[in-house]
Amino acid sequence: MITLGIETSCDETSVAVVKDGKSILSNVIYSSLKEHRPYGGVVPEIASRACYEIFLPCLDLAVKKAGISLKKVDLIAVTQGPGLMGSLLVGLSAAKALALALKKPLVGVDHVLAHLWAAKLVKGSMKFPCVGLVVSGGHTLLIRMTGPTEAQIMGRTIDDAAGEAFDKVAKMLNLGYPGGPEIDRLSRGCRKSRFKFKRPILSKDSLDFSFSGIKTAVLYKVEDLKKKKSLTQQSKREIAFEFQEALCEVLAEKAVRAARDGHSKVLVVGGGVSANRRLRECIGLRCRQEGAGMEAIFPTSELSQDNAAMVASLGEALYRDRGADSLDLGSYAHFMESRYFLGSKTNGK
Ligand code: KG4
Ligand code: ZN
């Protein structure tokens, strides 16, 4: 079966062609990131306009790279949510138009679950139950998936998303946008810091996250150093290092605990922040300490970021499981609105 995947949930526009849910024939990704740089964050209007302008060239390129014609497509899979409404509607409208014109079935896919499903493209199969940590500019979620249509939230951020915290701290340190890669780069080679930030654990049993306290602690420290005229490159480096250590330790600790509580031997990590070198080290280390065959799956950078191949792959599984969606398929902004969301598993219980 040949599935055409379409992903436009935020600032990326992606079109992919995937065969039998696991062979990627093409996965074209365009990001409007540079257009958002001057504003220090994603501007929804700019993001949706970019999706609209670049969609057809991405579609043409994806089909060309796959070496097929649109007539060969058996199924159209599209991200329904969560995401920015304007961007989502571009992909959804295009998917419906294609389904109608080509007389092919349409299936709506949840973007967060697609990040977990990227593991199938890495491993060739999917094992359930599966626990995933999705960490991006918009999400920090621990999800347990028991099948393609069943997911529970085990933990989530109660304030900022992890990527958002990276971006805001980078802004305080006057680094560029997006801030995550800048902090990752600046802290490289640093081994210890004069500064200490408390690890935001919340309560002992909680799998929820909170990053606003550490962000404020960084702000106070930066203001204090500025007053003393001692915000040097070295002090910025040590702040970036300590901030990254604190965040990565907490993310790794809770993610591995969620996998254990969720009786999953695999922990899939997806979203932009999963590119972080230190987060990968911390999660790898915690999995080894956990033993019992616990394995972390980090999709390649192409499959960790927002991409349509993961959407096509999950879309195929959904279509086989429950058939096609109708052309009045809607979009949604939050994961809790997903039809596959079964509720929250509080405190990992
Ligand atoms: O998933 P993503 O590409 O886009 C959405 O948020 O939808 O994630 C972008 C986020 C940004 O906040 C960015 O700063 C962060 O991922 N990020 C990183 C790294 N690369 C990207 N954070 C930490 N370390 C990185 N190496
Ligand atoms: Zn994403």
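Everything numeric in this text was worked out from a predicted model, so none of it was measured. FYI, the numbering just counts along the sequence from 1. Remember, it's 1-based here, ligands and their atoms both numbered in the order they're listed.
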Check whether L56 and Y52 end up in the same hydrophobic cluster, where Ile, Leu, Val, Met, Phe, Trp and Tyr are linked by side-chain heavy atoms less than 4.5 Å apart.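 L56 does not cluster with Y52.
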
V311-F55 co-clustered via ILVMFWY side chain contacts under 4.5 Å: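 Unlinked, V311 and F55 end up in two clusters.
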
Under 2.8 Å from the Zn ion (ligand 2), which protein N, O or S atoms are there? Could you list them by chain and number? H111 NE2, H115 NE2, D306 OD1

With side chains defined as the heavy atoms from C-beta onward, is the minimum distance between K236 and L225 less than 4.5 Å? no

Verify the ring-centre separation between F195 and F241: is it less than 6.0 angstrom? no

Shell of residues surrounding ligand 1, defined by a 4.0 angstrom heavy-atom cut-off that is strict: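 These residues qualify: S136, G137, G138, G163, F166, D167, P178, G179, G180, P181, D184, G271, G272, V273, A275, N276, D306.
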
Hey, is [X] close enough to [Y] for a salt bridge, meaning N to O under 4.0 Å?
X    : Y    : result
K226 : E223 : no
E242 : K196 : yes
K171 : D167 : no

Please state whether the rings of F209 and F211 are parallel, tilted or perpendicular, taking 30° and 60° as the class boundaries.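 The rings of F209 and F211 lie parallel, inter-plane angle below 30°.
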
Steps toward salt bridge (charged side-chain N to carboxylate O under 4.0 Å, His left out) verdict (E245, R191): CA-CA 10 Å; E245 286 296 304; R191 292 274 170 270; over 6 Å; no

